[in-house]
S.K.: 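Here it is, the structure in full.
Naming convention: chains lettered A, B, ... in sequence-line order (proteins, then strands); numbering from 1 in each chain. Quick caveat, the model's predicted, so the values are computed rather than measured.
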Amino acid sequence: MVRVRYAPSPTGTLHIGGARTALFNFLFARHHQGTMVLRVEDTDQARLIPGSEAAMMEGLRSLGIVWDEGPDVGGAYGPYRQSERRDLYRRYLSQLEASGRAYRCYCTPAELEADRQRQRAQGLPPRYVGRCRSLTPADWAEREGLPYVLRLKVPSQGRTVVQDLIRGAVEFEHAVLDDFVLCKSDGTPVYNFAAAVDDYTMAISHVIRGEEHLSNTPKQILVSQALEFPLPAYAHVPMILAPDRSKLSKRHGATSVEEYRAQGILPEALVNYLLLLGWSPPEEREIMSLAEAIGWFDLARVQKTAAIYDLKKLEWMNGQYLRLLPIERVVDAVRPFLDARGIAVQAGPPLDQVVALTRERARTLVELAENLRFFYEPPQAYEAKGVAKYFEEPAVGERLERVAAALELLATWDHDALAQTFDRLAEELGLKRAQLIHPVRLAVTGRTVGPGLFELLAVLGPGETVHRVRRAAEAVLAGAVPIAD
RNA sequence: GGCCCCAUAGUCUAGAGGCCUAGGACGCCGGACCCUCAUUCCGGAAACAGCGGUUCGAAUCCGCUUGGGGCUACCA
C-alpha cells in the first residue's frame with residue numbers, strides 16, 4: 001500500500017517548488033492507487049504565520065491537488081498537525097532517553113555559540129562537542145530544574161546509507177554528523193525527529209520531497225533506527241531555481257501559486273507547466289491532463305538536475321489552455337479580471353461570444369480582459385500609430401460616414417452580410433477592401449489589432465457599431481481625434 | 001571551510017555504449033497564410049562544461065578539474 005505525504009510548514013504561501021513537490025506526491029499516490037497525506041509541520045510556533053495553513057490548502061486545491069488524509073479531512077492516522085502530536089513525540093522521546101540512545105544536554109546557547117566560534121577559527125566544521133554526552137541519569141538528577149535539550153547519541157563510527165529512488169545510494173560518514181537536537185528545551189520536538197516519528201506513525205511508504213532534504217535524511221534514518229522503525233523509501237526531487245540559478249525567493253518576482261493566479265495564469269496551465277519541471281512524459285507531447293499525468297507518472301522519469309522556471313513557456317502554455325479549455329471555463333476564469341477592471345459585461349454582447357473571438361490572441365487572463373474591453377466600452381481615444389496610418393488619409397471622414405450609412409441600412413447583421421457590404425462599398429469608392437476595414441477597426445475598437453473585423457462587428461451589434469463609426473467620423477472631420485497613450 | 005547532490009542549446013527536456021551528421025518544447029530569426037494582430041503551418045540559428053581514461057566504438061561507464069546547488073540551528 002503506497003502512502004505518501006506532503007508536509008509543508010505553514011510559514012508563508014504555497015511556493016511553486018512546494019506545489020511541484022505536492023504534485024509529484026499526488027501523482028505517485030494516484031498512479032499506485034495509494035493514499036496522499038497532508039501533514040502540517042508547525043512545531044516551531046515562532047515561525048508560524050496565521051492563515052498560512054489555509055492559504056496553502058487553498059492553493060493546492062486550486063491546482064487540483066487533493067489529499068485523502070489531512071488536518072481538514074481527518075483520517076485514521078491523525079492528528080495531522082505536528083503541534084497536536086506532542087504526546088506522541090514525548091512517548092518516543094522518553095523511550096529514546098530510557099534506552100540510552102538520547103541524552104540530556106545542558107549546554108547553554110552561549111556555550112554552544114562559543115564552541116562554534118572556536119571551531120570556525122580553527123577551520124573545523126561546527127559540530128556539537130559532546131560535553132554532555134557521557135552524563136549519567138545521576139548527573140541529570142543533580143541538575144534537576146535546569147533547562148536541557150535532548151540529543152541523539154550518533155554512533156561515531158560507521159556510515160548511514162540513504163537508498164534514494166532517484167539518486168541511488170548516498171553515503172554519509174557518521175564522523176561528519178553530530179549529536180543533533182531532537183527536542184528543544186521548551187519541549188518542542190525538532191524537525192528531524194518529528195518527521196521520522198510521523199513518517200513511521202503515519203505509515204508513510206515513500207517520502208518524496210525536495211532535494212534540500214537529502215542531507216537531513218541520514219539524521220532521520222538514525223532516529224528511525226534508534227526507535228527500531230522500518231524505513232520508508234526515499235525520493236529526493238530536484239529543486240526549482242530562480243532564473244539566476246539561486247534559490248527561489250520573493251525578490252525573483254512571482255514565486256507563489258497565488259501570484260500566478262493574480263497574473264492571469266490558469267491553474268490547469270500552471271500545473272501542466274510544473275509537471276514538466278523535473279519530469280518528462282514518455283511521449284513527446286507536453287500538453288496533458290492531470291488524468292494522463294497520473295497514468296504516466298513514474299519516479300524513474302524524474303530528473304536529477306535542478307530546474308529553472310521559465311515564465312515565457314508558462315505563458316505560452318497558458319495561451320494553449322486559453323484556446324483548449326471549454327469556452328465556459330475560460331469565461332468563468334476571466335470574470336474576476338473583468339470585475340477588477342470595472343468592465344461591465346451585462347450591458348454588452350454575450351461574454352462567451354466575445355471570449356471566443358479574443359481568446360486566441362491572449363496569453364494570460366489579464367491580457368484577455370484588456371483585449372475584450374472594447375466590446376463593453378467605446379474607445380475614448382484612438383491608438384496613435386493607427387491614427388497616423390488610417391485616419392490621416394484624405395477623405396477618411398467621408399469614407400467612415402459612408403460606411404455608417406451603409407451599415408445602418410443593413411437588414412441582416414451577420415458576418416457574410418457585413419462582408420458583402422464592405423465589398424460593395426469598396427467597389428463603389430474605388431478602394432481596396434482593406435482601406436475600409438482598417439479605419440473602421442480603429443473607429444470601433446480604438447486599436448489596430450484585434451479579431452477579424454466582420455466577426456467583431458457581428459458580435460458588437462448594429463447600434464453600437466454605427467454609433468462608434470459616426471463618432472469617429474465626426475472626430476476626423478472636425479480634425480479633433482483624441483489620441484491614446 | 002566540511003559533507004552531499006548535480007552537469008545535453010538562453011530555458012525545460014529525450015537520450016540508460018553503436019539506432020546521434022544528438023530528438024522534442026518554449027524563446028529567438030526568416031517565410032507562408034490573412035483585413036491587422038494572434039493562431040496555424042513551413043524553414044533556420046543554437047547544446048553533450050573541460051581534460052584524462054575504459055572500449056573496436058562514448059552524450060551515455062570511471063577518474064580528476066571546473067561550475068552550479070543543497071545541508072552544516074534549541075528552522076523546516
S.K.: Measure from the side chain of A:Arg363, starting at C-beta and using heavy atoms only, and say which of B:U36, B:U39, B:C71 lies closest.
M.R.: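 Minimum distance to the A:Arg363 side chain belongs to B:U39.
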
S.K.: Does A:Ser280 place a side-chain N or O at less than 4.0 Å from the phosphate oxygens OP1/OP2 of B:A14?
M.R.: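 It does, given that an N or O in the side chain of A:Ser280 lies less than 4.0 Å from OP1 or OP2 of B:A14.
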
S.K.: Do A:Lys247 and A:Glu212 pass the salt bridge (charged side-chain N to carboxylate O under 4.0 Å, His left out) test, and can you show the C-alpha distance, the side-chain angles, and the key distance before you say yes or no?
M.R.: CA-CA 11 Å; A:Lys247 199 170 178 175; A:Glu212 67 269 30; 5.6 Å; no

S.K.: Could you tell me whether A:Gln157 atom CD has more than 12 heavy atoms of other residues or ligands within 6.0 Å of it?
M.R.: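 Counting other residues, nucleotides and ligands, CD of A:Gln157 stays at 12 neighbours or fewer.
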
S.K.: By nearest atom, which of the nucleotides B:G69, B:C12, B:A38 is closest to the A:Glu360 side chain?
M.R.: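 The closest nucleotide is B:A38.
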
S.K.: Is there a donor N/O on one and an acceptor N/O on the other, under 3.5 Å, for the side chain of A:Asn216 and the base of B:A76?
M.R.: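 For A:Asn216, whose side chain was compared with the base of B:A76, there is a donor-acceptor pair (under 3.5 Å).
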
S.K.: In whole angstrom, what separates A:Tyr234's OH from B:C4's P?
M.R.: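 Whole-Å distance recorded here is 19 Å.
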
S.K.: Give a yes/no on whether any side-chain N or O of A:Lys389 is located under 4.0 angstrom from OP1 or OP2 of B:C37.
M.R.: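 Answer is no, no contact under 4.0 Å.
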
S.K.: Identify which one of A:Phe297, A:Trp296, A:Phe28, A:Phe24 satisfies the ring-ring contact (aromatic ring centres under 6.0 Å, His included) criterion when paired with A:Trp279.
M.R.: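 It is A:Phe297, the one option of A:Phe297, A:Trp296, A:Phe28, A:Phe24 that forms the ring-ring contact (aromatic ring centres under 6.0 Å, His included) with A:Trp279.
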
S.K.: Select base, sugar-phosphate, or nothing to describe what A:Lys247 touches, counting heavy atoms under 4.0 Å on all strands.
M.R.: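 Touches sugar-phosphate only.
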
S.K.: Any chance the side chains of A:Tyr273 and A:Asp310 put a donor and an acceptor closer than 3.5 Å?
M.R.: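 No - no donor-acceptor pair under 3.5 Å links their side chains.
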
S.K.: Side chain of A:Leu214 only, please: which of B:A76, B:C4, B:G27 is the nearest?
M.R.: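 Closest nucleotide to the A:Leu214 side chain: B:C4.
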
S.K.: Looking at the side chain of A:Lys313, which of B:U72, B:C12, B:U8 is the nearest nucleotide?
M.R.: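 When the side chain of A:Lys313 is considered, B:C12 is the closest of B:U72, B:C12, B:U8.
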
S.K.: B:G63 and B:U54: how far apart are their C1' atoms, nearest whole angstrom?
M.R.: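 Their C1' atoms lie roughly 11 Å apart.
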
S.K.: Hey, are A:Glu259 and A:Gln263 close enough side-chain-wise for a donor-acceptor pair under 3.5 Å?
M.R.: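 On atom types as modelled, these side chains do not qualify, holding no pair under 3.5 Å.
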
S.K.: Under 4.0 Å, heavy atoms only, any strand: does A:Arg47 hit a base, just the sugar-phosphate, or nothing?
M.R.: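 Base, at least one base atom sits under 4.0 Å.
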
S.K.: B:A59 and B:C37: how far apart are their C1' atoms, nearest whole angstrom?
M.R.: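 Comparing C1' positions in B:A59 and B:C37 gives a spacing of 42 Å.
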
S.K.: Is there a side-chain polar atom (N or O) of A:Lys184 under 4.0 Å from OP1 or OP2 of B:C75?
M.R.: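 Checking B:C75 against A:Lys184, a side-chain N or O does come within under 4.0 Å of OP1 or OP2.
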
S.K.: After noting the C-alpha distance and the side-chain angles of A:Asp199 and A:Arg39, does the key distance pass the salt bridge (charged side-chain N to carboxylate O under 4.0 Å, His left out) rule?
M.R.: CA-CA 10 Å; A:Asp199 287 337; A:Arg39 179 170 81 216; 2.9 Å; yes

S.K.: Please work out if A:Gln320 contacts a base, only the sugar-phosphate, or nothing of the nucleic acid, heavy-atom cut-off 4.0 Å.
M.R.: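 It contacts sugar-phosphate atoms only.
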
S.K.: Determine the Euclidean distance between corresponding P atoms of B:A49 and B:A58; express it in Å to zero decimal places.
M.R.: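 Here B:A58 and B:A49 have their P atoms 16 Å from each other.
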
S.K.: What is the nucleic acid contact for A:Gly278, judged by heavy atoms within less than 4.0 Å: base, sugar-phosphate only, or nothing?
M.R.: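 Sugar-phosphate contact only.
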
S.K.: Return yes if the base of B:C6 and the side-chain atoms of A:Arg167 contain a donor-acceptor N/O pair under 3.5 Å, otherwise no.
M.R.: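 No, no donor-acceptor pair under 3.5 Å.
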
S.K.: Nearest whole angstrom, please: distance from the C1' of B:C26 to the CG of A:Asn318.
M.R.: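 After rounding, the reported distance stands at 14 Å.
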
S.K.: Say we look at B:C33 and B:A45: how far apart would their P atoms be, to the nearest angstrom?
M.R.: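 It comes out at 23 Å once rounded to the nearest Å.
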
S.K.: Hey, does the side-chain of A:Glu212 have a donor or acceptor N/O within less than 3.5 Å of a partner on the base of B:G69?
M.R.: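 Flag unset: no donor-acceptor pair detected.
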
S.K.: Donor-acceptor check, side chain of A:Asn272 to backbone of A:Glu268, threshold 3.5 angstrom: yes or no?
M.R.: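 Such a contact is absent between A:Asn272 side chain and A:Glu268 backbone.
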
S.K.: With both distances kept under 3.5 Å, what pairs with B:G1, Watson-Crick or G-U wobble?
M.R.: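 Its partner is B:U72 (Watson-Crick or G-U wobble, both distances under 3.5 Å).
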
S.K.: With distance as the sole test, does A:Asn192 use its side chain to make a donor-acceptor pair with the main-chain N or O of A:Gln220 at under 3.5 Å?
M.R.: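 No; judged by distance alone, with no hydrogens or angles, the pair does not exist.
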
S.K.: Have a look at A:Gly450 and say if it touches a base, only the backbone sugar-phosphate, or nothing, with a 4.0 Å heavy-atom cut-off.
M.R.: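 If one applies the 4.0 Å heavy-atom cut-off, A:Gly450 turns out to touch a base.
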
S.K.: Which nucleotide sits closest to the side chain of A:His438: B:A73, B:U36, B:G69?
M.R.: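 Nearest to the side-chain atoms of A:His438, counting from C-beta on, is B:U36.
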
S.K.: Respond yes when some side-chain nitrogen or oxygen of A:Ser215 is under 4.0 Å from OP1 or OP2 of B:C5, and no when none is.
M.R.: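 A:Ser215 to B:C5 OP1/OP2: no side-chain N or O under 4.0 Å.
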
S.K.: Sticking with atom C1', work out how far B:G17 lies from B:G53, rounded to a whole angstrom.
M.R.: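 About 15 Å, rounded to a whole number of Å.
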
S.K.: Judged by each residue's nearest nucleotide on RNA chain B, which is more toward the 5′ side, A:Pro109 or A:Glu171?
M.R.: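 Looking at the nearest nucleotide for each, A:Glu171 comes out on the 5' side.
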
S.K.: Would you say A:His174 and A:Thr160 are linked by a side-chain donor-acceptor pair, where the criterion is simply a distance under 3.5 Å?
M.R.: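 Looking only at side-chain atoms, A:His174 and A:Thr160 do form a donor-acceptor pair, the distance falling under 3.5 Å.
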
S.K.: Using Watson-Crick or G-U wobble geometry with both distances under 3.5 Å, which nucleotide pairs with B:U60?
M.R.: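 For B:U60, the partner nucleotide comes out as none, under the 3.5 Å rule.
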
S.K.: Between B:U39, B:G23, B:U11, which nucleotide has the shortest distance from any of its atoms to the side chain of A:Asp310?
M.R.: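 Within the option list, the nearest is B:U11.
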
S.K.: Both distances under 3.5 Å, Watson-Crick or G-U wobble: report the partner of B:A7, or none.
M.R.: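 With both distances under 3.5 Å, B:A7 matches B:U66.
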
S.K.: Check the distance between B:C26's C1' and A:Ile308's CD1 and give it to me in whole angstrom.
M.R.: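 Atom CD1 in A:Ile308 sits about 14 Å away from atom C1' in B:C26.
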
S.K.: Between B:U72 atom C1' and A:Leu124 atom CG, what is the distance in whole Å?
M.R.: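 It is 14 Å, rounded to the nearest whole Å.
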
S.K.: Measure CG/A:Leu277 against P/B:U13 and give the value in whole Å, please.
M.R.: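 Distance check: A:Leu277 CG to B:U13 P gives 6 Å.
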
S.K.: Can you tell me how far C1' of B:U40 sits from CD1 of A:Ile287, to the nearest Å?
M.R.: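 In whole Å, B:U40 C1' and A:Ile287 CD1 are 15 Å from each other.
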
S.K.: So what does A:His236 hit on the nucleic acid, given a heavy-atom distance under 4.0 Å: a base, only sugar-phosphate, or nothing?
M.R.: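 Counting heavy atoms under 4.0 Å across all strands, no contact is made by A:His236.
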
S.K.: Expressed in whole Å, how much space separates the C1' atoms belonging to B:A14 and B:C26?
M.R.: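 Here B:A14 and B:C26 have their C1' atoms 15 Å from each other.
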
S.K.: Check the distance between B:U13's C1' and A:Tyr273's OH and give it to me in whole angstrom.
M.R.: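 From A:Tyr273 OH to B:U13 C1': 11 Å.
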
S.K.: Has A:Arg301 got a side-chain N or O lying under 4.0 Å from the OP1 or OP2 atom of B:G15?
M.R.: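 True: A:Arg301 side-chain N/O within range (under 4.0 Å) of B:G15 OP1/OP2.
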
S.K.: Choose from B:G24, B:C37, B:C74 the nucleotide whose nearest atom is closest to any side-chain atom of A:Arg361.
M.R.: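 Nearest to the side-chain atoms of A:Arg361, counting from C-beta on, is B:C37.
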
S.K.: Donor-acceptor pair under 3.5 Å: do we get one between A:Ser185's side chain and the base of B:C74?
M.R.: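 Result: at least one qualifying N/O pair found.
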
S.K.: Under a 3.5 Å cut-off for both contacts, is B:A16 paired Watson-Crick or G-U wobble with anything, and if yes, with which nucleotide?
M.R.: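 For B:A16, the partner nucleotide comes out as none, under the 3.5 Å rule.
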
S.K.: Roughly how many Å apart are B:G10 and B:C48, using the P atom of each and rounding to a whole number?
M.R.: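 It works out to 9 Å between them.
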
S.K.: Give me the distance, rounded to whole Å, that separates B:C28 from B:C64 when you measure between the C1' atoms they each carry.
M.R.: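 Comparing C1' positions in B:C28 and B:C64 gives a spacing of 37 Å.
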
S.K.: Which nucleotide in the set B:U36, B:G27, B:G23 lies at the smallest distance from any side-chain heavy atom of A:Val449?
M.R.: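 Nucleotide nearest to A:Val449's side chain: B:U36.
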
S.K.: With nearest nucleotides of RNA chain B determined for A:Met239 and A:Thr305 from heavy-atom distances, which residue corresponds to the more 5′ nucleotide?
M.R.: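 Of the two residues, A:Thr305 wins.
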
S.K.: Counting only heavy atoms not in A:Lys304, do more than 12 fall under 6.0 Å of its NZ?
M.R.: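 Result for NZ/A:Lys304: open.
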
S.K.: Of the nucleotides B:U36, B:A76, B:A25, which has the atom closest to the A:Val190 side chain?
M.R.: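 Comparing B:U36, B:A76, B:A25 against the side chain of A:Val190, the answer is B:A76.
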
S.K.: Looking at every strand, decide which applies to A:Arg151 at a 4.0 Å heavy-atom threshold: base, sugar-phosphate, or nothing.
M.R.: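 The answer is sugar-phosphate, as A:Arg151 gets under 4.0 Å only of primed atoms, P, OP1 or OP2.
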
S.K.: Identify which nucleotide among B:A76, B:G69, B:C3 has an atom closest to any side-chain atom of A:Phe172, counting heavy atoms from C-beta outward.
M.R.: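 Given the options B:A76, B:G69, B:C3, the side chain of A:Phe172 is closest to B:C3.
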
S.K.: Mind calculating the distance between CG (A:Leu275) and P (B:U13) to the nearest angstrom?
M.R.: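 Taking CG of A:Leu275 and P of B:U13, I get 11 Å after rounding.
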
S.K.: For B:U40, give its Watson-Crick or G-U wobble partner with both distances under 3.5 Å, or none.
M.R.: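 By the stated definition (distances under 3.5 Å), B:A32 pairs with B:U40.
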
